[in-house]
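Please read the structure below before turning to the comments.
Start at 1 with the first residue, then count along the sequence.
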Amino acid sequence: MGQVIEGKLDATSLKFAIVVSRYNSFITKHLVEGVIDGLSRHGAADEDIATLYVPGSFEIPLACLKMAQSGRYHAVIAVGAVIRGATSHFEFVASECAKGVAQAGLQTGVPVIFGVVTAETIEQAIERAGTKLPNRGFEAALTAIEQVNALKSIPD
């Protein structure tokens, strides 16, 4: 099978940035709670978690890029909620947010995790914030921890 490299779920001594959309805050506040819960349960200290609020999900990528470029964080976690409405606005915001978050990670080499909920309805968004399904913020935190540790495990 060869060498297996994988990340462990240990956030001890790691620093994280959370970039959060204020838009749809009735959802994003629960996602942020999930992120912080996931990071804390796996060893991250409160002082090692910074949270930056931006107006909406369209603004998330630039903020993620700046946080990743700062060199202060091992990972950046993007949190937002884009809910389909009656116009095509949903497609533009969701698509550009996803592309921008991916680009921020690729440009900096810092894991930038997509914890943005994209939902057809408000009910779906509420479920993804932890009412029926697992909290997507919590899952994003675990992804960030594992990705940081996996990348740190790559031999030189």
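The stretch residues 99-114 participates, sequence neighbours left out, in these salt bridge (Lys or Arg N to Asp or Glu O under 4.0 Å) pairs: E96-K99. Residue pairs that meet the salt bridge (Lys or Arg N to Asp or Glu O under 4.0 Å) test with at least one member in residues 105-122, sequence neighbours left out, are R84-E120.
Closest non-hydrogen pair, A68 versus V76, comes out as N-CG2, 3.9 Å. In terms of heavy atoms, A104 sits closest to P61 at CB-O, 4.3 Å. Nearest heavy atom pair, residue V116 against residue C97, reads CG2-SG, 3.9 Å. Summarising the geometry of H74 relative to P111, their closest heavy-atom pair is O-CD, 3.2 Å, with the distance given to 0.1 Å.
Looking at E146 and L142, their side chains never come closer than 4.5 Å, going by heavy atoms from C-beta outward. V19 is not listed as a side-chain neighbour of V79, based on a closest heavy-atom distance of 4.5 Å or more. With contacts defined as side-chain heavy-atom distances shorter than 4.5 Å, the pair V117/V82 does not qualify.
Applying the side-chain hydrogen bond (donor to acceptor under 3.5 Å, both in side chains) test to R72 and every residue at least two apart in sequence or in another chain returns nothing. In this view, E139 and R136 satisfy the salt bridge (Lys or Arg N to Asp or Glu O under 4.0 Å) rule, not counting sequence neighbours.
A single hydrophobic cluster is seen to contain both V54 and Y73, as judged by linkage of ILVMFWY side chains at heavy-atom distances under 4.5 Å, directly or through other members. Hydrophobic clustering keeps Y53 apart from F58 (ILVMFWY residues linked when any side-chain heavy atoms are closer than 4.5 Å, directly or through intermediates). No path of Ile, Leu, Val, Met, Phe, Trp and Tyr side chains, each step under 4.5 Å between heavy atoms, connects V148 with M67, placing them in separate hydrophobic clusters.
To the nearest 0.5 angstrom, L52 atom CG is 8.5 Å from C64 atom SG. The distance from atom CD of Q103 to atom OG1 of T108, rounded to the nearest 0.5 Å, is 10.5 Å. Interatomic distance, H30 NE2 to I126 CD1, rounded to the nearest 0.5 Å: 8.0 Å. E33 contributes atom CD, which lies 8.0 Å from atom CG of N135 (distance to the nearest 0.5 angstrom). Considering CD1 of I27 and OG of S21, their distance stands at 11.5 Å, rounded to 0.5 Å. The distance from atom OG of S57 to atom CD1 of I83, rounded to the nearest 0.5 Å, is 9.5 Å.
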Please output the side-chain donor-acceptor pairs of residues 1-18 that fall under 3.5 Å, not counting sequence neighbours, one pair per line with the distance.
from	atom 1	to	atom 2	distance (Å)
D10	OD1	T12	N	3.0
D10	OD1	T12	OG1	2.6
K15	NZ	D48	OD1	2.7

Donor-acceptor pairs under 3.5 Å, side chain of residues 35-46 to any protein atom, not counting sequence neighbours: which ones?
from	atom 1	to	atom 2	distance (Å)
D37	OD1	R41	NE	2.7
D37	OD2	R41	NE	3.2
D37	OD2	R41	NH2	3.4
S40	OG	I36	O	2.8
H42	ND1	G38	O	2.8

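The environment of CZ in F90 is crowded: more than 12 heavy-atom neighbours from other residues, nucleotides or ligands sit within 6.0 Å. In F92, the CZ atom is not crowded: 12 or fewer heavy atoms of neighbouring residues, nucleotides or ligands sit closer than 6.0 Å. Crowding of F114 atom CZ: a count of heavy atoms from other residues, nucleotides or ligands under 6.0 Å exceeding 12. Within 6.0 Å of atom CD1 in I122, 12 or fewer heavy atoms from other residues, nucleotides or ligands are found, so the atom counts as exposed in its surroundings.
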> Please walk me through it: do T121 and Q124 pass side-chain contact (heavy atoms from CB on, under 4.5 Å)?
Replying inline: CA-CA 5 Å; T121 64; Q124 285 179 350; 3.3 Å; yes

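Of the candidates T28, I60, I77, V20 forms a side chain to side chain contact (heavy atoms under 4.5 Å, CB included) with just one, namely T28.
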